[in-house]
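Below is one structure, written out as structure tokens; comments come after it.
Throughout, protein chains are lettered first and strands after them, A, B, ... in sequence-line order, and every chain is numbered starting at 1. Bear in mind that the values here come from a model prediction, so they are computed numbers and not experimental data.
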Amino acid sequence: MRAGLSERELVLRAKQGDERAFEQLVAENETRIYTLCRRLTGSAEDGAELAQEAFLNAWRGLAKFQGESSFSTWLYRLASNVCIDFLRKEKRRRSLSMTVSLDDEEEGREAELPDARYEPERELERAETRRAIARGLERLSLEHRQVLVMRELSGLSYAEIGRILNLEEGTVKSRIARARAALRKVLLEEGNFFRQAPSKG
Amino acid sequence: MLDCEEVLVFLSLRLDGALGEDEQRELACHLASCEACRALSGELQALHDAMPLMEEEVPEGFRREVMDRIREERGAAQRPERRARRGVWRWGAMAAIFAVVLLGSSALTRLTAGESMVRRASSASEEPRVAMYAETENQPAAPEEDGTGGAMGRAITEERIGAVQAAPSGDGGSPTETDEDAAVPEATFYAADGEIPQERKEQLLENCIAYLQTSDLEIQGQGEMVLVDVRPAEQEELEEAVWEEESLSTPYLVRLERAFGREGIGILCDRDTLNVLGYVPDA
């Protein structure tokens, strides 16, 4: 592995066909990219598949990457695109009326397998919280889910989100605010989140 | 004085550390006198605090699989007779097909990793491009299209003019796809910047996708095309184009590419109605 090299150098090498350099780029970005895909799709399996797809697209498209943004931003955009395409197809496949998602089960399984060696109660609580938020996120519109994941999980700045989604920064700010309000509303309705995470005013 | 609507934005900005000092004071002032917004504030904070829990651990073996797939694809590009290993792995199969095309156009020697394959294919003569469509009819991604092979692909290619004439106008796609329309604009962040307004690009994308879906070309009708460029077509391109010359003004050339791989197509759309007029084979 080439841990000492900067992203720029790694990209240069990867462009010349250096697989190990690309592997290092995968290592540096996989968590963020996987989290994005996982949370946008609401499914661990689809998330992994799409994250792989994104990396593959990056590899294939390296020649096109001119360094006008950072590699990680570019990759992030590729991953978003792959997910949007996927979700568009999914939407066609499933009917809109479908509300119960497989993910409830999935998060449920996760909840049963927490790393509970040290603080079992706390872990259980966390698993509950995770499940509640995951379900909440899934009930949001894609627009809202997207900006929340980008901001809260990927830690992108307003400007970066604006570039990726082709939006004015002002629009990004208000959309994030509305997305937060929407998630809160959904979670209040579900009643599972705020019960165990009381407000601190 | 802030109203509660503005408070939401202020609270959100504060969570992101993007609220100025004056605004902080304004916000505090409002919160002191508004119980509903105080509750909102606490709940948004709790959500914000909980969000990092949603970070995901990458599944085991993820990186290895990515790298395996890259090597597999590279291998496939060099040995076109080798089919993709797994059936689910549609895009690997795709790479093998491209390799066939590339061999056909004797471009293989110029092939370098990651370079735009569609450009290679496009620069080739008519024949290999037809072969690409023909091959695709047989690949695992489209199992329902079984083995009628090259002749069928050729016929389809020749029938494209017919497909153009049969293309729906832009008022809502084909009858079976109407539910999907609402989602189409989400793909617009692919769109290149330009003077063409966003809504028109969205409409163009929608029309082109509807057209591709109703055309007989399986390879381009699977809904994962993305809009990468819109500009007025050039004279040279119009001469090459397969289209009904009924447009008064120079049509738009809408460039769509597959989200995966670099395969693409140029579609001509009327500048006023945005309806699909035809396509440019090598655009």
Minimum heavy-atom distance T129(A)-A50(B), with the two atoms named: CG2-CB, 3.9 Å
Value rounded to 0.5 Å, distance of CD in E55(B) from CZ in R39(A): 10.0 Å
Side-chain heavy-atom pair N166(A), K201(B) within 4.5 angstrom cut-off: no
Top contributor to chain B interface from V26(A), L153(A), L183(A), I176(A) [non-hydrogen pairs under 4.5 Å]: L153(A)
Rounded distance [0.5 Å steps], CZ in R131(A) versus CG in L53(B): 13.5 Å
Pairs of heavy atoms under 4.5 Å with chain B: top-ranked of S154(A), A58(A), A48(A): A48(A)
Approximate separation, where rounding is to 0.5 Å, of L44(B) CG and R184(A) CZ: 6.5 Å
R151(A), part contacting chain B, at a heavy-atom distance under 4.5 Å: side chain
Interface moiety of F65(A) toward chain B, non-hydrogen atoms closer than 4.5 Å: neither
L187(A) vs L47(B) side-chain heavy atoms within contact, under 4.5 Å: yes
Close side-chain approach of M54(B) to T35(A), heavy-atom, < 4.5 Å: no
Any side-chain heavy-atom pair of F55(A) and E65(B) under 4.5 Å: no
L56(A) side, atom CG; E72(B) side, atom CD - distance, nearest 0.5 Å: 9.5 Å
Residue E189(A) excluded, over 12 heavy atoms near CD under 6.0 Å: yes
Contacting region of L40(B) [heavy-atom separation from chain A under 4.5 Å]: both
Top of G136(A), S174(A), A51(A) for chain B proximity - count of heavy-atom pairs under 4.5 angstrom: A51(A)
Atom group of M67(B) that falls short of 4.5 Å from chain A, counting heavy atoms: side chain
Heavy-atom check, side chain of R180(A) versus side chain of H48(B), under 4.5 Å: yes
Other residues, nucleotides, ligands: >12 heavy atoms within 6.0 Å of R64(B) CZ: no
E57(B)/R38(A) salt bridge by N-O under 4.0 Å criterion: no
E9(A) atom CD, neighbour heavy-atom count above 12 within 6.0 Å: yes
Residue pair S12(B) / Y158(A): nearest heavy atoms and the distance that separates them: O-OH, 4.1 Å
Most contacts with chain A, counted as non-hydrogen pairs under 4.5 angstrom, among V9(B), V66(B), L11(B): V66(B)
Side-chain touch E43(B)/L188(A), heavy atoms, less than 4.5 angstrom: yes
Interatomic distance, Q24(A) atom CD to R63(B) atom CZ [nearest 0.5 angstrom]: 7.5 Å
Distance, nearest 0.5 Å, that separates CD1 of I70(B) from CD of E19(A): 7.0 Å
